[in-house]
Amino acid sequence: MSRIVTVAAAQLGPIQKADSRESVVARMIALMEQAKAKGATFIVYPELALTTFFPRWYHENRAEADHWFEATMPSPATQPLFDKAKALGMAMSFGYAELTPDGHHFNTSILVDKTGKIVGKYRKIHLPGHVDYDTSRSHQHLEKRYFEPGDLGWPVWEFEGGLMGMAICNDRRWPETYRVMGLQGVEMVVLGFNTPSVNAQRGDEKIEDRMFHHRLSCQSGAYQNATWVVAVAKAGDEDGHHCMGGTLIVDPNGKIVGEIDHEDDGILVHACDLDATIFGKETIFDFKRHRRVEHYGLITERVGVGAPLGK
Ligand code: CDV
């Protein structure tokens with residue numbers, strides 16, 4: 001039986017603060033129709049797909065940020081997206097800010113099957129940035145203020161005939177993200193990102209360097225775990241703050257098989273053969289034969305290192 005998943009990486013161009021959820025959902029539906037026309041059966045949208053990247057905006061009163069969050073999913077504004085996905089028989093994944101019934105805030109992604117049912121949820125674990133307003137930065141990145149670290153780990157799901165996992169933006173830079181899923185046999189990791197093209201703490205860093213780190217992270221995660229990686233950007237200028245693009249799909253050999261070269265709404269479609277993961281999983285990255293867990297204790301015992309010698 002064929003194990004091809006034809007996936008559409010659905011990049012969103014900028015979303016301004018003033019843009020409504022309804023207007024964004026209309027753009028997502030337009031991308032879904034394009035994806036369907038190109039033969040995709042699974043569409044992946046970015047992190048915090050429904051709104052601007054609001055953690056760049058500081059609210060003294062944290063609760064004032066709650067209007068960026070969804071208290072239900074589907075919500076009235078996203079119901080048309082779920083309806084369209086069901087009508088087209090399209091599975092999907094997208095990110096949003098989640099407010100739970102008991103008042104917790106997460107940066108969340110979901111997996112939705114072809115019938116429109118939510119079958120998987122992931123809450124972002126590696127939250128970058130800071131809690132308080134930071135005058136030393138060129139811009140704010142307040143994810144640690146507005147979100148709690150995810151509490152669901154990195155499960156994988158049987159989905160679309162394979163083993164699927166999710167991550168969100170900064171997670172893609174951490175080998176632990178992929179390895180925890182790799183140890184469950186993951187065959188495709190889907191993730192969305194909002195990456196400012198300027199490093200708030202290092203203004204001379206070039207966008208080329210930031211793209212290099214993005215590709216390096218996704219490619220190494222794919223290769224070292226013999227998995228497909230689908231990474232989807234929200235790109236372009238949001239109210240004067242620029243996010244880089246770089247939506248791409250990486251094969252289980254770590255090679256980029258396609259990349260979007262603009263910063264607008266657009267799709268990248270690729271027929272991903274899940275059986276292409278088997279060779280790596282049975283040879284160089286056959287974890288059960290080659291891993292030496294007796295030497296890995298520090299990975300979970302210690303969070304970080306002290307100051308380097310000489311400081
Ligand atoms: N949304 C993110 O997690 N962005 C981070 C930035 C702040 C470095 C990223 O890793 O792309």
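Both counts, for ligands and for their atoms, begin at 1 and track the order of listing. No hydrogens, no waters, no symmetry mates; every other heavy atom, side chains included, goes into these values. Residue numbers run from 1 in the order of the sequence given.
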Does Phe53 have any ring-ring contact (aromatic ring centres under 6.0 Å, His included) partners at least two apart in sequence or in another chain, and if so, which?
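Applying ring-ring contact (aromatic ring centres under 6.0 Å, His included) to Phe53 gives His141.
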All pairs passing salt bridge (Lys or Arg N to Asp or Glu O under 4.0 Å) where residues 226-237 contributes a residue, at least two apart
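Those involving residues 226-237 are Lys234-Glu238.
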With Asp19 as reference, evaluate Lys17, Glu22, Gln16 under the side-chain contact (heavy atoms from CB on, under 4.5 Å) test and give the passing residue.
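Single side-chain contact (heavy atoms from CB on, under 4.5 Å) partner of Asp19 among Lys17, Glu22, Gln16: Gln16.
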Run through Phe54, Trp57, Tyr58 and flag the one making a side-chain contact (heavy atoms from CB on, under 4.5 Å) with Leu142.
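Answer to the side-chain contact (heavy atoms from CB on, under 4.5 Å) test with Leu142 among Phe54, Trp57, Tyr58: Tyr58.
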Provide, line by line, the atom pairs where ligand 1 and the protein bring an N/O atom each to a distance under 3.5 Å; else say none.
{"from": "ligand 1", "atom 1": "1 (N)", "to": "Glu47", "atom 2": "OE1", "distance (Å)": "3.1"}
{"from": "ligand 1", "atom 1": "1 (N)", "to": "Glu143", "atom 2": "OE2", "distance (Å)": "3.2"}
{"from": "ligand 1", "atom 1": "1 (N)", "to": "Asn194", "atom 2": "O", "distance (Å)": "3.1"}
{"from": "ligand 1", "atom 1": "3 (O)", "to": "Lys124", "atom 2": "NZ", "distance (Å)": "2.8"}
{"from": "ligand 1", "atom 1": "3 (O)", "to": "Glu143", "atom 2": "OE2", "distance (Å)": "3.3"}
{"from": "ligand 1", "atom 1": "3 (O)", "to": "Asn170", "atom 2": "N", "distance (Å)": "3.3"}
{"from": "ligand 1", "atom 1": "4 (N)", "to": "Asn194", "atom 2": "O", "distance (Å)": "3.2"}
{"from": "ligand 1", "atom 1": "10 (O)", "to": "Asn170", "atom 2": "ND2", "distance (Å)": "2.8"}
{"from": "ligand 1", "atom 1": "10 (O)", "to": "Arg173", "atom 2": "NE", "distance (Å)": "2.6"}
{"from": "ligand 1", "atom 1": "10 (O)", "to": "Arg173", "atom 2": "NH2", "distance (Å)": "3.3"}
{"from": "ligand 1", "atom 1": "11 (O)", "to": "Arg172", "atom 2": "NH1", "distance (Å)": "3.3"}
{"from": "ligand 1", "atom 1": "11 (O)", "to": "Arg173", "atom 2": "NH2", "distance (Å)": "2.9"}
{"from": "ligand 1", "atom 1": "11 (O)", "to": "Thr195", "atom 2": "OG1", "distance (Å)": "2.6"}

N/O donor to acceptor pairs below 3.5 angstrom from side-chain atoms of residues 27-35, sequence neighbours left out:
{"from": "Arg27", "atom 1": "NE", "to": "Asp265", "atom 2": "OD2", "distance (Å)": "2.9"}
{"from": "Arg27", "atom 1": "NH1", "to": "Pro14", "atom 2": "O", "distance (Å)": "3.2"}
{"from": "Arg27", "atom 1": "NH2", "to": "Gly13", "atom 2": "O", "distance (Å)": "3.1"}
{"from": "Arg27", "atom 1": "NH2", "to": "Pro14", "atom 2": "O", "distance (Å)": "3.2"}
{"from": "Arg27", "atom 1": "NH2", "to": "Asp265", "atom 2": "OD1", "distance (Å)": "2.8"}
{"from": "Glu33", "atom 1": "OE2", "to": "Lys84", "atom 2": "NZ", "distance (Å)": "2.9"}

Examine Ile260 and Val269 and state if one hydrophobic cluster contains both, with Ile, Leu, Val, Met, Phe, Trp and Tyr joined whenever side-chain heavy atoms are less than 4.5 Å apart.
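No.
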